[in-house]
Structures are given as structure tokens and as C-alpha cells.
Participant: 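My structure is below; once you've seen it, I'll send some questions.
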Amino acid sequence: MNETTATRPVPAGTAVRRALTVLAAAAAALLVWVIADPIAGAGMHARGQHVGPAAVLVSTLLIGLAGWGLLAVMERRAKRPGRTWGITAGIALGLSMTGPMDSEGAGTYAALTAMHLVVGAVLIAGLGRTAARGRC
């Protein structure tokens with residue numbers, strides 16, 4: 001390997017920690033949904049459809065796995081993958097905050113905003129902690 005492509009190996013157990021982070025993000029989103037929809041009665045409607053628990057779980061798991069994949073690419077390409085991950089994921093979170101604007105009602109808007117922020121915080125921090133240190 002030459003100097004420009006050599007990376008430090010990812011520590012053992014990283015895949016397990018990343019999987020647990022993605023699951024934690026999904027659990028956190030579901031918790032927000034449980035508090036907002038059945039308990040607080042927010043109604044959780046966006047774009048004319050009810051936002052149910054399956055949609056919350058599936059979308060969070062897909063976003064978490066996409067983030068995991070993006071971090072893996074950054075570990076191979078970026079000089080400082082942890083820093084690059086934090087910046088990129090922060091921008092993605094900011095862009096995702098436009099999603100709740102399509103919600104119907106203030107309660108749904110607040111709940112969807114909280115979901116986005118909670119999932120973003122868990123994924124940014126959790127996956128960021130597992131990032132390789134960078135190139136050798």
C-alpha cells in the first residue's frame with residue numbers, strides 16, 4: 001500500500017457498536033413517536049398520510065444504515081473521517097429539517113422535528129465515536 005491509500009484498521013467490535021447505534025436511533029425515534037402520537041394525541045400526519053410506528057422504524061433504520069455506509073466510505077477516502085463525518089452528517093441533519101415542514105398541525109411538526117433531532121444526535125455522536133482515526 002502506498003501512503004495515500006493506507007488507513008488504520010477499524011478496531012474490533014466497531015460493527016457491533018455501529019449496529020447498536022443504528023438500533024438506538026430507531027428506538028429513540030419510536031419513543032418520540034409513542035410520546036407524541038398515542039400519548040399526547042399529536043395525530044402525526046404529514047403529506048396526507050399518518051406517520052405510524054413502522055414508517056418511523058423503517059425510515060430510521062434505512063437512514064442509520066446509509067450513514068454507516070457513508071462513514072465507511074469516509075474512512076477509506078478522508079484524511080480525518082471523524083471530522084468529515086460530523087460535518088457531513090450535520091449538514092444532512094440540517095437539510096432533513098425541511099421534512100417536518102410538510103406536517104399537518106403544530107403537534108406533528110414538533111414531534112417530527114424532535115424525531116429528526118434525536119435521530120441526528122444519536123447517529124452523529126454514536127457513529128462518529130466509532131470513526132477510524134484517519135490515515136497512517
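Only this structure's heavy atoms are used, side chains among them; waters, hydrogens and symmetry mates stay out.
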Participant: Please collect all salt bridge (charged side-chain N to carboxylate O under 4.0 Å, His left out) contacts where either partner lies in residues 46-60, sequence neighbours excluded, each pair once.
Facilitator: R47-D102
Participant: Is R18 paired with E75 through a side-chain N to carboxylate O contact shorter than 4.0 Å?
Facilitator: yes
Participant: Residues in side-chain hydrogen bond (donor to acceptor under 3.5 Å, both in side chains) with H45, at least two apart?
Facilitator: none
Participant: Please list, chain by chain and in numerical order, all residues satisfying side-chain contact (heavy atoms from CB on, under 4.5 Å) with L70, sequence neighbours excluded.
Facilitator: M74, W85, T88
Participant: Using side-chain contact (heavy atoms from CB on, under 4.5 Å) as the criterion, list what pairs up with L31, not counting sequence neighbours.
Facilitator: I35
Participant: Consider only side-chain heavy atoms of I, L, V, M, F, W and Y, link residues closer than 4.5 Å, and tell whether V34 and L57 are in one cluster.
Facilitator: yes
Participant: Can you find a pair of side-chain heavy atoms, one from L61 and one from V22, that are under 4.5 Å apart?
Facilitator: yes
Participant: Side-chain donor-acceptor contacts of residues 111-123 below 3.5 Å, not counting sequence neighbours, with atom names and distances?
Facilitator:
{"residue": "T113", "atom": "OG1", "partner": "Y109", "partner atom": "O", "Å": "2.8"}
{"residue": "H116", "atom": "ND1", "partner": "S96", "partner atom": "O", "Å": "3.2"}
{"residue": "H116", "atom": "ND1", "partner": "S96", "partner atom": "OG", "Å": "3.0"}

Participant: Strictly by side-chain hydrogen bond (donor to acceptor under 3.5 Å, both in side chains), give each pair with a member in residues 31-40 just once, sequence neighbours left out.
Facilitator: D37-H50
Participant: Near I63 CD1, under 6.0 Å, is it more than 12 heavy atoms from other residues, nucleotides or ligands?
Facilitator: no
Participant: Using every non-hydrogen atom in the two residues, find where G82 and A131 come nearest and quote the distance to one decimal.
Facilitator: CA-CB, 3.7 Å
Participant: For R83, look at atom CZ and say whether over 12 heavy atoms of other residues, nucleotides or ligands are found less than 6.0 Å away.
Facilitator: no
